[in-house]
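Let me begin by presenting the structure, written as structure tokens, before commenting on it.
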Amino acid sequence: MRTAVVTGASSGLGREFVKQLSEEGKLDEIWVIARRREKLEELASSVKTPLRIFGASLDDEGLYGLLSVLMEREKPDIRLLINNAGRGTMTTLDEETTEDAVSMIGLNCQAPVKMMKLCLPYMKEGAGIINVASVAGLLPLPDLAVYGATKAFLLSLSQAVNEEMKERNIHVMALCPYWIKDTEFIGKAGAEGRISEKGILNAEETVKKALEDLRHGETVSLPGKMAKLTALGTRFAPLGLVWKIRKWMKV
Ligand SMILES: NC(=O)c1ccc[n+]([C@@H]2O[C@H](COP(=O)([O-])OP(=O)(O)OC[C@H]3O[C@@H](n4cnc5c(N)ncnc54)[C@H](OP(=O)(O)O)[C@@H]3O)[C@@H](O)[C@H]2O)c1
């Protein structure tokens, strides 16, 4: 069975990935993971490709046990893994609770590693992995320090594993979008009203660009001009200057 696995498919980018993959019509099944089962069921009734629903938290070790047993039994041909589930909190480390920081690291860093370890044995030549990082992973970010650090981890991991997987012809790409308006992320992160609308993206264009970039063999996908400018800025300008510009532009 040609299968894709998408984490965080109950809203935002994850749901959009499932919709666009289903429209492409190249898969027999998509395994979708998120805590809100009802949202996954809603999605299943609106797309053509059959979805296998896992209504569970990526914090739950039982989920990985279940996936491991199913994969061992069914030996799916995993064409694509999308490590998309993630969250952020817009705050200083001083203000952030230890519990919030640690659980964010678990979801944004540990879960993608566990999912890659689970899926890679079932991925053949030509398969792909998209790790949804962020522009926040391109530079240390005051007020998003822990979130940015988790995404820098994911970016670094993706680039290194991509190199390792060249022998197996499996492509790993980090997706680094700038703020996206039509997902639940900004509200949950407490960033509403604190960021400018300049260059803000939507989920549909972000996912379209990510799937295109994966097909073209990009290692890092930078949708939108703000992502490209940030990547350029962090390469050529001193960090202090980039931070000043960011503060001034409210980005
Ligand atoms: N929106 C932006 O501005 C932006 C910018 C750059 C990068 N990103 C990244 O894009 C990715 C997708 O975010 P989004 O913008 O689409 O936000 P979103 O609408 O909040 O989606 C987050 C998804 O993650 C799932 N999730 C959260 N905690 C989970 C857990 N413990 N176990 C399983 N699933 C969990 C949520 O499902 P349940 O709540 O149902 O579990 C939801 O489906 C994230 O990695 C985020 O860091 C977002």
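Source: prediction; values computed, not measured. Every number for a ligand or one of its atoms is a count from 1 in the order of the listing. For the numbers below, each heavy atom of this structure counts, side chains included, while hydrogens, waters and symmetry mates do not.
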Flag the pair [X] and [Y] as a salt bridge only when some basic side-chain nitrogen lies within less than 4.0 angstrom of an acidic carboxylate oxygen.
X    : Y    : result
R15  : E42  : no
R215 : D213 : no
R37  : E41  : yes

query: So with a 6.0 Å cut-off around NZ of K188, is the heavy-atom count from everything else above 12?
result: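 Yes, because the 6.0 Å sphere around NZ of K188 holds more than 12 heavy atoms from other groups.
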Quick one: does ligand 1 sit under 4.0 Å from the side chain of [X], the backbone, both or neither, non-hydrogen atoms only?
X    : value
A133 : backbone
Y178 : backbone
N84  : both
K39  : neither
A56  : backbone

Give a yes/no on ligand 1: does [X] have at least one heavy atom closer than 4.0 angstrom to it?
X    : answer
G88  : no
V132 : yes
A136 : no

Nearest protein heavy atom with distance in Å, relative to atom 36 (C) of ligand 1: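 The protein heavy atom lying closest is S10 OG, 3.8 Å.
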Checking the N or O distance criterion of under 3.5 Å, is ligand 1 in contact with [X]?
X    : answer
S11  : yes
P177 : no
L107 : no
L58  : yes
G8   : yes

query: Which heavy atom of Y147 sits nearest a heavy atom of S134, and at what distance?
result: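 Minimum heavy-atom contact is OH-CB, 3.7 Å.
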Kindly identify the option in [options] whose heavy atom sits closest to [atom].
atom                    : options            : value
atom 28 (N) of ligand 1 : R35, E16, R36, R15 : R35
atom 2 (C) of ligand 1  : I33, I186, I180    : I180
atom 22 (C) of ligand 1 : G55, G14, G86      : G86

task: Under 4.0 Å from a heavy atom of W179: give me the atoms of ligand 1 that qualify, with their elements.
output: 3 (O)
